[in-house]
Amino acid sequence: MTTIGVLALQGDVREHLRTLTGLAVEAVPVRRPAELDDVDALVLPGGESTTMANLAEAFGLLEPLRDRIAGGLPVLGTCAGMILLADRIIDGAAVPGGQRTLGGLDVTVRRNAFGRQVDSFEDDLDVAGVAGPVHAVFIRAPWVEQAGPDVEVLARVARGPAADRIVAVRQGHLLATSFHPEVSGDGRIHRLLLDLVSGA
Ligand code: GLN
């Protein structure tokens, strides 16, 4: 059986585990390097990207995560998870040396991009590879400000002041969304991750 891990240091871990379980895969929390070794794919959940990076370091996961990502592990990063996957961050946390990421995805993300007035909003998106609209919930979300040549844009905001902003991307085995696919009970974005495992 396919085993999908959810990085379980901080953030909305339980909702991802529940969504994955609904897709008939084994879904396991990952907190230690040994647990990371056993997964066929990984979800980096939403939460707070600086906290998650600090905890990953404290748990000895930063380098193992970077190694597995570089080795081709399929990963879905949602919201803070998108920030962790990004190679470059605009408006990252003001820490010496700049906010750390795991990297791998050739994008520049703007953190908290939708601004204070629009802390969170919802939209129905067309997502490449998914049939029918996807109801997307954005919570202090980043967007993709710039994407490298190998990055496929899967979705853009449909309406409002942020219309056309890039909010879902894929580069090879890495998927990222600005929104939270785990809150709506819709497993279709997670299904894209499973397709990467099976090579579909
Ligand atoms: N703003 C958060 C961060 O910078 C992300 C928010 C989220 O994951 N819902 O990490």
Side-chain angles (χ1 to χ4, degrees), residues 4-20 27 29-31 42-59 61-62 65-66 69 75-105 107-125 127 134-147 154-157 160-162 165-170 174-187 189-190 192-193:
I4 313 291
V6 178
L7 186 68
L9 302 175
Q10 192 258 346
D12 45 1
V13 175
R14 200 177 313 160
E15 294 82 354
H16 279 288
L17 291 171
R18 192 184 310 129
T19 305
L20 289 163
V30 169
R31 288 189 197 88
L42 185 69
V43 174
L44 304 175
E48 223 296 316
S49 51
T50 45
T51 307
M52 246 186 278
N54 289 340
L55 289 171
E57 179 160 53
F59 281 70
L61 273 168
L62 216 46
L65 282 166
R66 286 184 178 138
I69 291 170
V75 180
L76 166 63
T78 64
C79 203
M82 170 190 261
I83 298 170
L84 287 175
L85 281 180
D87 283 343
R88 297 168 297 277
I89 306 175
I90 298 173
D91 288 344
V95 291
Q99 181 173 344
R100 271 173 311 182
T101 70
L102 299 171
L105 198 55
V107 297
T108 304
V109 296
R110 182 177 289 279
R111 191 161 157 258
N112 299 327
F114 292 85
R116 251 183 223 161
Q117 268 108 36
V118 205
D119 241 13
S120 46
F121 85 104
E122 304 188 12
D123 197 4
D124 289 309
L125 309 178
V127 180
V134 171
H135 187 69
V137 177
F138 297 84
I139 305 164
R140 291 183 298 284
W143 65 46
V144 174
E145 186 99 4
Q146 179 270 333
L154 300 182
R156 294 174 185 268
V157 174
R165 290 294 183 177
I166 300 170
V167 289
V169 292
R170 176 187 160 192
L174 302 178
L175 278 163
T177 67
S178 303
F179 54 92
H180 286 262
E182 76 286 0
V183 300
S184 57
D186 177 348
I189 299 293
H190 294 77
L192 295 178
L193 178 67

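Just follow the structure's listing: the first ligand is 1, and inside any ligand the first atom is 1.
- For ligand 1, residues of the protein lying within 4.0 angstrom by heavy-atom distance are Gly46, Gly47, Glu48, Ser49, Cys79, Ala80, Ile83, Arg111, Asn112, Ile139, Arg140, His180.
- The aromatic rings of Trp143 and Phe114 stand perpendicular to each other, their planes meeting at an angle above 60°, with 30° marking the opposite boundary.
- Evaluation of the salt bridge (Lys or Arg N to Asp or Glu O under 4.0 Å) rule for Arg66 yields Glu63 as partners, not counting sequence neighbours.
- Take Asp87 and apply the salt bridge (Lys or Arg N to Asp or Glu O under 4.0 Å) test, not counting sequence neighbours, and it matches no residue.
- In this structure a side-chain-to-backbone donor-acceptor pair under 3.5 Å is present from Thr101 to Ala86.
- When atom types are taken as modelled, the side chain of Arg111 and the backbone of Asp91 share a donor-acceptor pair closer than 3.5 angstrom.
- Residues satisfying the salt bridge (Lys or Arg N to Asp or Glu O under 4.0 Å) test with Arg165, not counting sequence neighbours, are none.
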